[in-house]
Visitor: 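Please see the structure below; I have some questions.
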Amino acid sequence: MMKKKIFNIFLVLLIIFSSAGCKKYLDLNDNPNTVDQPPINGLLAYATFNTAVNQFRVSQFTSYFVQYLANPGSGGATDTYQEVDYSGTWGRLYDVMANITDMEKLAIEQGSSEHLGVAKVLMAINLSTTVDAWGSVPYSQAFTGESLTPAYDTGEQIYPQILQMLDEAIVELEKTDSKVNLEPGSDFIHGGSREKWIKTAYAMKARLLNHYSKDASYNPAAILTALSSAYTSNADDAQVTSFKDRNPWAGIALNDSLLVLNGWLSEQIIDHMNGTSYSIVDPRLPRMASKTITNTYKGTPNGGGNVGNASNTVIDESRLRRSTFYASENAPLFIITYPETKFIEAEAALRSNNPTVAYAAYLEGIRAHMDKVGVAAADRDAYLAEPSVAPGQSGLTINLIMKEKYVAMFLSPEAWVDARRYNYQYKDFSLPMNAALSEYIRRVTYPSTETTRNRENVPAVQVTDRIFWDK
């Protein structure tokens, strides 16, 4: 109840601040009723909450690309790589970044190193998410207030700036003389903890540096250095746990139970965990998926729709349900987690020929994720004792790391980055049925809001064109 009361206190503020941000190229008209200078902790509340929700918004399409979810009808547009207009998601990302820009300016004016540091971390999260989905995007001219048709910056240009802003964030957050402090109730991610924000900055730095795994500039030592100052347990995760009504994935599950069909689990993730693709049943499966009417776990093939014996209104295939971990009413909405950092560490250490560190991090990533979703200790330990899961450090491979990370990143948009870096090489992974392409999707096309309003600057791309770090 206390969390909902806190949320309700700021709900009105969130509504006000969503229209009170910088009047950038997304804002075509001045509104005399908006707040010209909202309080800095109100901006913090809006930005932290909606940064997490933006992860959900992007995952609503990326989860189909990585085959966590599948459309219950055959030939679903997202499942089959058809060009879909994601103007709403694009707009929300830029709306949040505009408000973050306001928070950063206000932090400088008020001498708040704490808010300035957090603003830089939040911008890094939202901006990298946007780049990872679309590639080149407006940035250098997007938040100056000078143009409604800003130029596009390439991902290659933006990523070093994101890494620099994370370094700058760490410097600001390490200061102890901020004139304005983070208000715990306004910080929906870390409750005002500078220490946790510093860890998140380092975690994000490691994540982004790991995206360069296909490039000659890949630097595993830099990744491991960043991780040494990042998360040390699940308690450090960047996440939001307070909602007006419920976690948005719980909203998806509720809608499906009311026959607004959505949240069906893909055949790929179910077979990855139910003993079909591998010889072992993953004990996390009951915590992530519902059983069918026949008391089994069965996924829906992407692009194929319901293949059960009954109609779509009968639970003959596994779905998100509010009884499961990720779709429960008050489930955390994750941005970046401790298990993810351990799998990043495992990959970077293995690529730098340090199998001892890699193996320990790999096992800890599995253990931490199982603890997070509520697997019983006995089941967790039995899984970790299986030779196919724990072959010893000499048997550790990138394939094993990515196999386990695929499960731990469930419903995260970062999973699509991993799939592309890994060239979709998960066991039994295949193109969706009725796919519009003969190869896997690598990016999404620009939204109609951009091709209409900013046509002269929008790059010409196809969904098979690769993001710079994917080449």
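The analysis underlying the following values was restricted to heavy atoms, covering all of them including side chains, and did not include hydrogens, waters or symmetry mates.
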Visitor: Donor-acceptor pair, distance only, cut-off 3.5 Å: does the side chain of R194 make one with the backbone of L173?
Guide: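 Pair found, side chain donor or acceptor close to backbone of L173.
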Visitor: Under a 3.5 Å cutoff, is there a donor and acceptor pairing between the side chains of S448 and T452?
Guide: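 No, T452 and S448 have no side-chain donor paired with an acceptor closer than 3.5 Å.
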Visitor: Could you label the plane-to-plane angle of the F49 and F188 rings as parallel, tilted or perpendicular, counting under 30° as parallel and over 60° as perpendicular?
Guide: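 F49 vs F188 ring planes: perpendicular.
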Visitor: Determine yes or no for a side-chain-to-main-chain donor-acceptor pair under 3.5 angstrom, with Y406 supplying the side chain and V66 the backbone.
Guide: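 Yes; at least one donor-acceptor contact below 3.5 Å.
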Visitor: Could you label the plane-to-plane angle of the Y159 and Y212 rings as parallel, tilted or perpendicular, counting under 30° as parallel and over 60° as perpendicular?
Guide: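 Perpendicular, since the angle between the ring planes exceeds 60°.
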Visitor: Does Y326 form a ring-ring contact (aromatic ring centres under 6.0 Å, His included) with Y68? I'd like the steps, not just the answer.
Guide: CA-CA 12 Å; Y326 286 92; Y68 289 148; 9.0 Å; no
Visitor: Determine whether the side chains of S352 and N354 contain a donor N or O and an acceptor N or O closer than 3.5 Å.
Guide: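 Result is no, nothing qualifies.
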Visitor: Can W416 and Y64 be counted as having a side-chain donor-acceptor contact under 3.5 angstrom?
Guide: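 No, Y64 and W416 have no side-chain donor paired with an acceptor closer than 3.5 Å.
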Visitor: Who are the side-chain hydrogen bond (donor to acceptor under 3.5 Å, both in side chains) partners of D167, not counting sequence neighbours?
Guide: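 Listed in chain order: K205.
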Visitor: Does a donor on one side chain and an acceptor on the other come within less than 3.5 Å for Y426 and N399?
Guide: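 No.
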Visitor: Does either side chain, that of N54 or that of R57, offer a donor lying less than 3.5 Å from an acceptor on the other one?
Guide: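 Result is yes, a qualifying pair exists.
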Visitor: Tell me whether Q462 at atom CD has more than 12 heavy atoms from other residues, nucleotides or ligands lying less than 6.0 Å away.
Guide: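 No, the 6.0 Å shell around CD holds no more than 12 heavy atoms from other groups.
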Visitor: Please determine, by modelled atom types, if T337 and D237 share a side-chain donor-acceptor pair under 3.5 angstrom.
Guide: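 No - no donor-acceptor pair under 3.5 Å links their side chains.
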Visitor: Is there a donor-acceptor contact under 3.5 Å from the side chain of N50 to the main chain of V96?
Guide: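 Such a contact is absent between N50 side chain and V96 backbone.
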Visitor: Just by distance, no angles: are the side chains of E414 and H211 close enough, under 3.5 Å, to form a donor-acceptor pair?
Guide: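 Yes, a side-chain donor-acceptor pair sits under 3.5 Å.
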Visitor: Check whether the side chains of T200 and Y231 place a donor and an acceptor atom closer than 3.5 Å, and report yes or no.
Guide: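 There is such a pair between these side chains.
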Visitor: Parallel, tilted or perpendicular, judged at 30° and 60°: which one describes the rings of Y94 and W90?
Guide: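 Tilted.
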Visitor: Side chains of N234 and D371: is there a donor and an acceptor less than 3.5 Å apart?
Guide: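 No, no side-chain donor-acceptor pair sits under 3.5 Å.
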Visitor: For residues Q110 and S112, is any side-chain donor paired with an opposing acceptor at under 3.5 Å?
Guide: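 No, no side-chain donor-acceptor pair sits under 3.5 Å.
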